Protein chains: 2
Amino acid sequence: MNIGEAARASGVSAKMIRYYEQSGLIPKAGRSAAGYRDYSTTDVHMLRFVRRSRDLGFSMAEIEELLQLWRDRSRQSADVKRIALARIADLRRRIEEMEEMAATLEHLASCCSGDKRPDCPILADLEQGEAGKPRRSRGAIDSAP
Amino acid sequence: MNIGEAARASGVSAKMIRYYEQSGLIPKAGRSAAGYRDYSTTDVHMLRFVRRSRDLGFSMAEIEELLQLWRDRSRQSADVKRIALARIADLRRRIEEMEEMAATLEHLASCCSGDKRPDCPILADLEQGEAGKPRRSRGAIDSAP
DNA sequence: GGTGGGGCTTCCAACCGTGGGAAGGTCAAG
DNA sequence: CTTGACCTTCCCACGGTTGGAAGCCCCACC
């Protein structure tokens with residue numbers, strides 16, 4: 001099977017397949033007489049495994065670990081579970097931080113009454129710490145285009 | 001406050017502060033007589049917000065938009081609110097996606113016995129198909145690059 | 001006055017993951 | 001045989017962050 005066929009069958013782009021192979025995530029594929037990579041259905045399986053793992057947010061290092069467990073007959077599901085649980089903990093942590101961020105933004109939004117009054121209490125609060133230092137001549141925001 | 005103090009106070013490295021300034025994400029800091037960047041507590045607040053946003057996976061463009069809330073006081077409250085609400089909605093959507101991911105992983109982990117038995121449901125799901133066939137011998141076919 | 005540490009600048013590099021594109025060879029159908 | 005689709009390798013770009021090096025300037029301290 002060509003790399004293109006394997007790509008279509010697995011959902012991993014040919015570019016990514018070559019990248020995964022080159023970076024050692026997946027084993028080097030066999031070659032045809034003309035030098036074309038040749039893939040078996042088992043290879044497609046493995047590629048699907050990789051894609052699904054990536055969709056679930058596993059890092060390359062974690063996927064490498066998972067792939068080894070997948071290929072290893074004497075794999076222990078405890079190892080797999082450990083990786084999955086670590087991944088879950090990471091997700092939970094990030095979700096919590098994003099909740100905090102959203103709360104901050106909501107507080108900010110609630111400050112802005114929505115009319116044209118520009119006096120936002122948060123801005124006032126931020127400014128009051130060091131209100132009297134006019135040193136900043138940042139008038140022109142100078143945004144580079 | 002010079003850049004080192006601002007870095008320590010905000011949790012953003014001095015290098016990142018310069019990078020943010022150079023890329024236009026944050027306004028150019030005022031300079032002392034000797035050319036040192038000078039930061040106020042308001043600037044430190046802004047840097048902290050950038051750091052949090054960055055940790056939460058916001059893109060630079062999004063953070064730039066978020067920073068408008070702080071930076072541009074002459075903005076109409078309606079505009080501010082619109083941007084904030086859009087970002088909040090986006091944040092909530094991401095949180096939901098991540099929660100789905102975590103739920104999937106948790107389900108798989110809960111089905112995983114975590115012992116030595118080789119039939120791990122996590123791997124089965126990642127595989128999304130059947131497997132078990134031995135790979136074709138893929139030795140060092142493609143040798144030195 | 002000297003000195004150390006930190007600031008200033010610019011450049012160059014790397015990391016992950018993905019994609020685009022060029023230059024050249026190969027396969028399969030017409 | 002020609003043609004178009006495919007393959008190969010190689011380089012480059014992104015976003016975001018960090019590291020380092022080089023060379024100069026400045027501030028605080030003794």
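Computed from a predicted structure; not experimentally measured. In the text below, chain A, chain B and the rest are named by the order of the sequence lines, each starting its count at 1.
One interatomic measurement links the two molecules: CE of B/M60 to P of D/dC14, which rounds to 14 Å at whole-angstrom precision. Here the C1' atom of nucleotide D/dG16 and the CZ atom of B/R52 are 19 Å apart, to the nearest Å. With rounding to whole Å, A/M1 atom CE is found 16 Å from D/dC6 atom P. Between the CG atom of A/D38 and the C1' atom of D/dT8 there is a distance of 15 Å, rounded to whole Å. Counting to the nearest Å, the P atom of C/dC16 and the CD atom of A/Q22 are 11 Å from each other. Regarding A/M16, its CE atom lies at a distance of 15 Å from the P atom of D/dC7, rounded to whole Å. Note: CD (B/E5) to P (D/dC27) measures 14 Å, nearest angstrom. In this structure, the CZ atom of A/R54 is 8 Å from the C1' atom of C/dC16, given to the nearest Å.
Using modelled atom types, no side-chain atom of A/R51 and backbone atom of A/M46 make a donor-acceptor pair closer than 3.5 Å. The closest donor-acceptor contact from the side chain of B/D38 to the backbone of B/M1 lies under 3.5 Å. Between the A/R54 side chain and the A/S59 main chain, no donor and acceptor come within less than 3.5 Å of each other.
Here A/E5 does not pair with A/R37 in a salt bridge; the nearest charged N to carboxylate O distance is not below 4.0 Å. Between B/E62 and B/R94, at least one side-chain N (NZ, or NE/NH1/NH2) sits under 4.0 Å from a carboxylate O, which counts as a salt bridge. Here A/R82 pairs with A/E65 in a salt bridge; the nearest charged N to carboxylate O distance falls below 4.0 Å. Between A/E100 and B/R52 there is no salt bridge, since none of the side-chain N atoms of the basic residue sits less than 4.0 Å from a carboxylate O of the acidic one. Between B/E21 and B/R31, at least one side-chain nitrogen of the basic residue sits less than 4.0 Å from a carboxylate oxygen of the acidic one, meeting the salt-bridge criterion.
Shown here for B/I3 and B/R18, the closest heavy-atom pair between the two residues is CD1-CG, 3.5 Å. When all heavy atoms are compared, the tightest approach of A/V12 to A/L47 is CG2-O, 3.5 Å.
A/M98 and B/L85 end up in the same hydrophobic cluster when Ile, Leu, Val, Met, Phe, Trp and Tyr side chains are linked at under 4.5 Å. Grouping the Ile, Leu, Val, Met, Phe, Trp and Tyr side chains by contacts below 4.5 angstrom, directly or via other members, places B/F58 with B/I26.
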Mind listing the N/O atom pairs, protein and nucleotides 20-23 of chain C, below 3.5 Å?
from, atom 1, to, atom 2, distance (Å)
C/dG20, N7, A/K15, NZ, 3.0
C/dG20, O6, A/K15, NZ, 2.5
C/dG21, O6, A/K15, NZ, 2.4

Are any protein N/O atoms closer than 3.5 Å to N/O atoms in nucleotides 25-30 of chain C? If there are, list each pair with its distance.
from, atom 1, to, atom 2, distance (Å)
C/dG25, N2, A/Y36, OH, 2.8

Using atom names, set out every protein N or O paired with an N or O of nucleotides 28-30 of chain D below 3.5 Å, distance rounded to 0.1 Å.
none

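Contact between the side-chain N/O atoms of B/S13 and the OP1/OP2 oxygens of D/dT18 is found at a separation under 4.0 Å. A close approach under 4.0 Å does not occur between any side-chain nitrogen or oxygen of A/R31 and OP1 or OP2 of D/dC7.
Within the nucleic acid shown, A/S23 has no heavy atom closer than 4.0 Å to any nucleic acid atom. At a threshold of 4.0 angstrom between heavy atoms, the contacts of B/R37 are confined to the sugar-phosphate backbone, with no base atom among them.
Closest-nucleotide positions on DNA chain D for B/Y19 and A/R18 were compared, and the one nearer the 5' end corresponds to A/R18.
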